Every structure is written in C-alpha cells, then in structure tokens.
Amino acid sequence: MNKPTKRYWLVKSEPDVFSIQDLAAAPDQSTHWDGVRNYQARNTMRDDMKKGDLVLFYHSNAKPPGVAGIAQIARESYPDHTAFDQSDSHYDPKSRPDSPTWFMVDIQFVEAFQEILSLPELKQIPELADMVLLQKGSRLSVQPVTAAQFTLIRKLGRQTKNRSKN
DNA sequence: GCCAACGTTGGC
DNA sequence: GCCAACGTTGGC
C-alpha cells in the first residue's frame, strides 16, 4: 500500500468566464474543469491530481491577475465530454469516446481570499521565484506548486491588506 | 490593442 | 525530422 501523497496545484481561469465566486455559487460549489487542450496540463489532470489535493485558483486576464482563493480536487480524472460535442467550442474530432484524448477533473470551492494576491505581489516574494507561474513565458493553465509555495500563498492570501478602510 | 512566448500543424 | 506559419495565452 502506497501512502497517498498530498500534492498542490494551480489552475488558471479568466474571471470573466469563470471566477472563484462562480465556483462558490455553483451547485455543490463544484464544477468540472473542462476545456483544457494542452497535453502537459492534461497529463497533470489525468495522472497526478488526486482527490483532496488543494489547488490555488488563479485569475488570469484580470485586473489585477492573481491568486483568488483555494479549491480542492473533488473527483479524479475522467474523459472531457466537451471534446465530443461538435457544437462545443472545445470540440476536438481526434478525441473519441472509445479513446479519449482529453480529460478533466472536478474541483470544489474551499475558500476565497478577501483580496486577490496579485501577480505583482507574487513577483516580489523571493521564496516564490521558482514558481512555475512566474517563469518567463509560462502559460501552463494547470501546473504544480510545492507545499512550501502553497502554504506561503495561503497565508499571505488570508491576510487582509486594507483593514477597516471605511 | 499590442505583442512576446509558446504549442501545434502540415508541407517538404 | 525540420521548421515556417499559424493560433493562443496572457501580461501590460
């Protein structure tokens, strides 16, 4: 019996499309993470994400971009059915139900930070310099995070910067 | 809106 | 197998 290893991840979403507030408002506060069409990201979802793993929820293409909160893996990988749907914008004819190319997981809301921990702030933290997110040209939408990086970001995200600013 | 960086496709 | 062309990502 292998002892299950808890791992940590980061997923990106454009808040105009699906924000962490949308996740919190969803049925069961959960959703399937469909539409990923990058092989490296797929491999992470298909092979490595395990139920209960914690996930940083990152808002991309936002003002500002940054980590908005935390989710967890609620269901391990299964075929992404949107790839089979010709009317779906993520349709991919090379993925077939009997031999799927694309996979997804379910993620569930855990907590939203009161304020976004913004990308400029993340960049200023020396301990986070090795984050995949912060590497030049990095565009992976599903990526690993170390336990130390996760713990630090959660701590910073929970701190309120502008307390009682009335 | 711009554009750098990246991944994928397809001709050869 | 190479690589130019193209489409996408995502910060600014």
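This structure is a prediction, so every number in the text was calculated from the model and none was measured. Chain naming here is simple, since letters A, B, ... match the order of the sequence lines and numbering starts at 1 in each.
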**Asked** Are the charged groups of A:R42 and A:D80 less than 4.0 angstrom apart, N to O?
**Response** no

**Prompt:** Are any of the side-chain heavy atoms of A:D28 and A:F109 separated by less than 4.5 Å?
**Reply:** no

**Asked** Between A:R154 and A:F150, is NZ or CZ placed under 6.0 angstrom from the six-membered ring centre and within 45° of the ring axis?
**Response** no

**Asked** Looking at side-chain heavy atoms only, is the closest gap between A:F84 and A:D92 below 4.5 Å?
**Response** no

**Prompt:** Distance from A:I70 atom CD1 to A:I20 atom CD1, nearest 0.5 Å?
**Reply:** 8.0 Å

**Item:** Check: A:Q40 main-chain N/O paired with A:T44 side-chain donor or acceptor under 3.5 Å
**Value:** yes

**Prompt:** Which range-with-range stems can be found for DNA chain B when each stem has 3 or more Watson-Crick or G-U pairs in a row and both distances sit under 3.5 Å?
**Reply:** B:1-12 with C:1-12

**Request:** For nucleotides 5-12 of chain C, just jot down a letter per nucleotide in 5' to 3' order: B, S or -, based on protein non-hydrogen atoms under 4.0 Å.
**Result:** ---BBBBS

**Whether A:F18 and A:W33 hold their rings parallel, tilted or perpendicular, with breakpoints at 30° and 60°** = perpendicular

